[in-house]
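Everything below concerns the one structure shown next.
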Amino acid sequence: MSLLLQSPVVRILRNPAAMQRQASIWLRAGCRIGFVPTMGCLHDGHLSLVHEARRQVGKKGVVVVSIYVNPTQFGPQEDFIRYPRPFRHDARLCREAGVDVIFNPSDSAMYPNRDSGDPSTYVLEERLGSILEGASRPTHFRGVSTVVAKLFNCVRPNVAVFGAKDWQQSRVIKRMIIDLNFPVKLVVAETHRELDGLAMSSRNRYLTPSERTQATVLWKSLEDLRTYLKQIGKPISATQLEQRVRRLIASQPDARLDYVAFFDSETLNEKKQVTSATHMALAVFIGKTRLIDNGALG
Ligand code: PAF
């Protein structure tokens, strides 16, 4: 991006009320708001979401990125404390990408009652969020939908851009938008990958060099099944494909399969017979780091 296209500054708002005031001013002026919710530690995958948000709202619109590591979506044994928070680096990337405002609230601003226990009001999508990731991480989607609803109430976006890497998250949010009448258009942008196929993720930085090499097994599993299905040319049982994925994952010394699932991409209903139209998702521990990936098998 040329220097001329970069906004000279990116405003940082830390207070939900200030964010709401700014959003009201924009909306009253007829300015469209594009929104990319993140937990920071930004990489090219996030930046592709920012560019998509800009494409959606145009030059006259504004793009807001939230940077907030949301405690309520982490389980007690998960990486909330050590989740990387390189804020200055993130702010620079946002500025270079032409973001207008970073919304970066504190925990006490987002969850004022946390000292006296968890918040007592949650947004809970009850079906799509209870399977797959939700089965492995029981309170995860409750935390995600709660914080996304809160962020929507602060940023008041016309368009929100999410990444396809968290496919199930995008379905849960889509359902929440419909069920709770949020006036937000959901856009899901393609997964951004490293050259060797590994899906970009802030958690990739936890990997040692050897684990980083092994981590490509998620992408390789997806590609392997795509090729296999094409060769076979007819529906094949999910159990058989699961065995194939298990063997691939077991070929890596530090990899452990959490789950692999075959389902309809919209309803997330399990498929017992798999075709190229079926969606596959998998979660794999590489050492101590849990990575996810997904994609259509066509
Ligand atoms: O996908 C993420 O980074 C998070 O789940 C989100 C949507 C920012 C909510 O904390």
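Whatever order the structure lists them in is the order used to number ligands and atoms, beginning at 1.
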Which atoms of ligand 1 are found less than 4.0 Å from any heavy atom of [X]?
X: V147; answer: 9 (C), 10 (O)
X: T38; answer: 8 (C)
X: P37; answer: 8 (C)

Exercise for review: Describe, in one word, how the ring planes of F152 and F35 are oriented to each other, choosing from parallel (under 30°), tilted (30 to 60°) and perpendicular (over 60°).
Suggested key: perpendicular

Check your understanding: Quick one: does Y68 get an N or O within less than 3.5 Å of an N or O on ligand 1?
Key -> no

Review point. Is there a nitrogen or oxygen of Q73 sitting under 3.5 Å from a nitrogen or oxygen of ligand 1?
Key: yes

Point to revise | Salt bridge R54-D100, side-chain N to carboxylate O under 4.0 Å | key: yes

Check your understanding: Would you call R290 and E133 a salt bridge, taking side-chain N to carboxylate O under 4.0 Å as the test?
Key -> yes

Review point. Nearest protein heavy-atom contact for atom 3 (O) of ligand 1: which residue, which atom, what distance?
Key: M39 CG, 3.7 Å

**Study point:** Nearest neighbour in protein (non-hydrogen) for atom 2 (C) of ligand 1
**Key:** Q169 NE2, 3.9 Å

Check your understanding: Can a donor-acceptor pair be found between the side chains of Y83 and N70 at a distance below 3.5 Å?
Key -> no

Point to revise | Partners meeting ring-ring contact (aromatic ring centres under 6.0 Å, His included) with Y206 (sequence neighbours left out) | key: none

Check your understanding: Would you find more than 12 non-hydrogen atoms of other residues, nucleotides or ligands less than 6.0 Å from E190 atom CD?
Key -> no

